[in-house]
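The analysis underlying the following values was restricted to heavy atoms, covering all of them including side chains, and did not include hydrogens, waters or symmetry mates.
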Amino acid sequence: MSWKVMRKKTAEAAPAVLAALLAVFLACASPFERVEYWFGDRLFVQGKPVDNRIKIIGIDDVTLRELGPFSGWSRQQAADLLNAFDPEYPPGVIAFDINYFGSREKEGDNALVRAASKYPRVVMASYIQYISRLEKKPDGGLWINNMYLDSVEEPFEALAAVSDSGFTNAMQDSDNYARRAMLSVDWKGEKHYNFACEVYLQFMEMEGREAQMPKTDGQGVYGFDYTAEPGMYEVYSYLDVVEGRCDMKIFQDSIVLVGAYASAMMDQYMVPIARGAIMNGVEVQANHINALLEGRTFREIPVWCVGVLSGVIVGGYVFWAFRRSFPVGMAGGGGLALAMILAAKWMYGQGVYWRCMIPFMGIVMAALARVILEYVAERNRKRKILNVFRTYMAPQVVEELSKSRNFQMELGGREREIAVLFVDIRGFTAMSERLSPKEVVGILNQYLGKVTEAIFRNEGTLDKFIGDAVMAVYNAPLDVPDYWRKAVNTGLDIVESIQQMNEELQREFGVEIACGVGIHCGRAVVGNIGCEYRMDYTAIGDTVNVAERLESIAKAGQVLLSEEMYGHVKQEYSARFLGAQDLKGRADKINVFSLEGTDGTDADR
């Protein structure tokens with residue numbers, strides 16, 4: 001492979017490589033982690049029917065007003081709640097999302113122990129104490145372990161003997177939303193599960209079914225899918241239950257969660273299913289348990305794997321799309337983005353959480369970059385073409401052309417109705433013999449300027465200069481209303497301009513010039529004609545040939561029209577019929593008219 005080819009291929013691959021490296025960096029460094037969580041919440045978290053086996057007894061504002069601040073409660077209050085349940089219709093599991101650490105007043109403690117001992121499945125809250133600790137690495141280096149397990153606080157000893165416990169430590173992500181939990185910790189040779197898992201295990205044991213524990217990542221962490229927004233679970237006031245105002249049969253074989261339901265107790269969290277709102281901690285536990293019951297837990301794909309996936313997807317799309325046409329590239333990007341979202345949702349349903357925002361946004365940004373590049377290229381192309389058109393088209397026509405949405409379609413060879421005008425100087429050779437070349441060029445430039453002004457003034461398109469001859473077309477590239485009249489007006493304006501020019505030439509050089517004009521209309525092929533090396537915007541066809549032949553037989557100061565042309569303008573212009581004329585290169589004669597005025601007088605035939 002030659003160096004030139006290798007350099008070309010490297011240049012083509014560079015955008016894809018850069019896009020891939022950027023995607024890998026963003027996926028691994030996670031500078032937009034909060035946005036990624038928001039994206040995932042919108043994509044994955046959706047409300048579902050709650051499990052009616054889960055019921056909440058909330059310590060609400062009414063309860064606190066009646067019984068006083070929770071900090072002053074005796075443990076007799078908890079015993080009263082347990083004693084309120086109907087022994088004939090016992091709950092399946094009773095779980096207190098409340099800390100009962102250390103002994104307090106003896107009577108209350110004993111009352112709670114006696115009440116809890118009546119039920120086989122009571123779960124209390126425990127709490128893990130983490131501290132920061134300086135530790136040695138395997139290579140001898142030092143590092144600070146901020147999650148060193150120092151101790152596990154459990155219910156006071158007598159209560160722990162008649163109940164089970166699960167730790168209630170809340171895990172919050174970088175955006176302060178609660179989505180994940182530590183499955184368990186080992187302390188003093190025993191495995192301690194989190195509160196929701198312990199309740200789940202107890203309930204599955206009651207139903208005689210095997211518990212399916214969630215799969216965790218390398219740190220023992222997993223996520224759980226929320227079921228419902230705040231207030232969707234059955235909630236009963238703590239005070240109503242204690243005072244017997246509830247039918248206790250409703251709690252039979254249920255999971256009964258007891259916890260704070262008043263803002264004053266400061267047990268509230270932001271949750272992904274209700275962004276912008278807060279949820280009481282006991283409701284978070286209800287959602288957590290609900291997810292465990294239905295197997296709706298997940299573990300995240302490792303960061304390095306997300307980085308690799310992001311790089312491959314984004315880099316691969318850029319490499320592929322920038323070698324395809326714009327519509328194909330955009331369609332491919334849309335299809336890839338949709339497929340990726342569907343794949344991420346399917347994976348989430350299988351218990352795998354893929355942070356797919358970076359590759360998704362990578363595809364969107366690549367597509368946007370392609371749109372911008374396409375727009376810039378189109379603008380440059382259009383500007384170049386318009387610059388060319390400005391050299392042979394009236395400014396107002398160029399302005400209209402620049403606004404045309406079908407601008408590109410107008411620039412191919414296509415057939416359309418047009419009028420064609422040819423004009424040429426009479427006696428140019430004789431004049432050239434009398435004057436110096438510099439003087440001849442000056443006169444020729446002045447003459448061509450007058451002709452060009454007349455063409456542009458009447459919204460014509462200057463096709464080309466052919467020595468001292470000029471060709472112009474009307475009604476191309478854009479439609480021009482009443483283009484026949486404007487072509488005829490151009491002929492009259494040219495004759496008048498030459499007459500005015502002759503006054504100056506006579507004074508300065510003692511010479512005069514004259515011109516002949518031929519105008520015909522009909523169908524012709526108009527557009528960029530030529531090859532890839534050299535193209536001109538022009539018109540070709542018999543219509544052009546007839547106009548050129550009319551100009552060739554026109555006398556000095558004469559504007560000749562074909563019968564087709566005169567038929568369009570005879571209501572406004574007078575002309576003299578010259579009869580059927582032979583035109584060079586044509587087998588059939590054509591009727592020719594000599595334009596004489598603008599009074600609309602019928603031609604004399």
Any cation-pi pair here, R34 with Y177, using under 6.0 Å and within 45°? no
Just by distance, do the side chain of D479 and the backbone of N475 share a donor-acceptor pair under 3.5 Å? no
Using the rule given for side-chain contact (heavy atoms from CB on, under 4.5 Å), can you reason through Q558 versus L578, listing the C-alpha separation, both sets of side-chain angles and the distance that settles it, and then say yes or no? CA-CA 12 Å; Q558 194 173 45; L578 301 182; 4.1 Å; yes
Search all heavy atoms of N287 against all heavy atoms of T227 and return the closest pair with its distance. OD1-N, 2.7 Å
Any donor-acceptor N or O pair under 3.5 Å, side chains E563, N591: yes
Under 3.5 Å side-chain donor-acceptor pair for Y269 and N176: no
Neighbour count above 12 (heavy atom, 6.0 Å) for M347 CE: yes
Going through the checks in order, is the side-chain hydrogen bond (donor to acceptor under 3.5 Å, both in side chains) test met by D225 and Y348? CA-CA 9 Å; D225 183 33; Y348 185 77; 2.9 Å; yes
Kindly assign one of parallel, tilted or perpendicular to the pair F593 and Y566, based on the angle between their ring planes and the thresholds 30° and 60°. parallel
Any idea which heavy atoms bring A514 and A556 closest together, and the distance? CB-CB, 3.4 Å
Please determine whether the number of non-hydrogen atoms from other residues, nucleotides or ligands lying under 6.0 Å from atom CZ of R275 exceeds 12. yes
Under the criterion ring pair (Phe, Tyr, Trp, His ring centres under 6.0 Å), which of Y222, F39, Y37, F44 is the partner of Y353? F44
Less than 3.5 Å apart, any donor N or O on the side chain of K584 or S552 sitting next to an acceptor on the other? no
Taking only Lys NZ, Arg NE, NH1 and NH2, and the carboxylate oxygens of Asp or Glu, determine whether R586 and D542 approach each other closer than 4.0 Å. yes
The reported gap from CG in L462 to CD1 in I455 (rounded to nearest 0.5 angstrom) is 5.0 Å
Stacked cation flag R296 on F298, 6.0 angstrom / 45 deg: no
Closest non-hydrogen atom pair between S30 and R355, with its separation: OG-NH1, 3.8 Å
Side chains of E33 and S174: is there a donor and an acceptor less than 3.5 Å apart? yes
Would you confirm whether D463, through its side chain, and M471, through its main-chain N or O, come within 3.5 Å as a donor-acceptor pair? no
Taking D424 for its side chain and E551 for its backbone only, find out whether a donor-acceptor pair lies under 3.5 Å. no
Give a yes-or-no answer on whether the side chains of E439 and S436 include a donor-acceptor pair shorter than 3.5 Å. yes
So, R457 versus T490: side-chain donor-acceptor pair below 3.5 Å or not? no
Assess whether side-chain hydrogen bond (donor to acceptor under 3.5 Å, both in side chains) is satisfied between Y474 and D482, documenting all intermediate values. CA-CA 10 Å; Y474 296 79; D482 202 10; over 6 Å; no
Ring centre gap for Y226 and F224 strictly below 6.0 Å: yes
Answer yes when R179 and D173 have at least one side-chain N-carboxylate O distance shorter than 4.0 Å, and no when they do not. yes
Any idea which heavy atoms bring R324 and R370 closest together, and the distance? O-NH2, 2.8 Å
Over all heavy atoms of both residues, which pair between V559 and V495 is shortest? Give the atoms and the distance, please. CG2-CG2, 3.7 Å
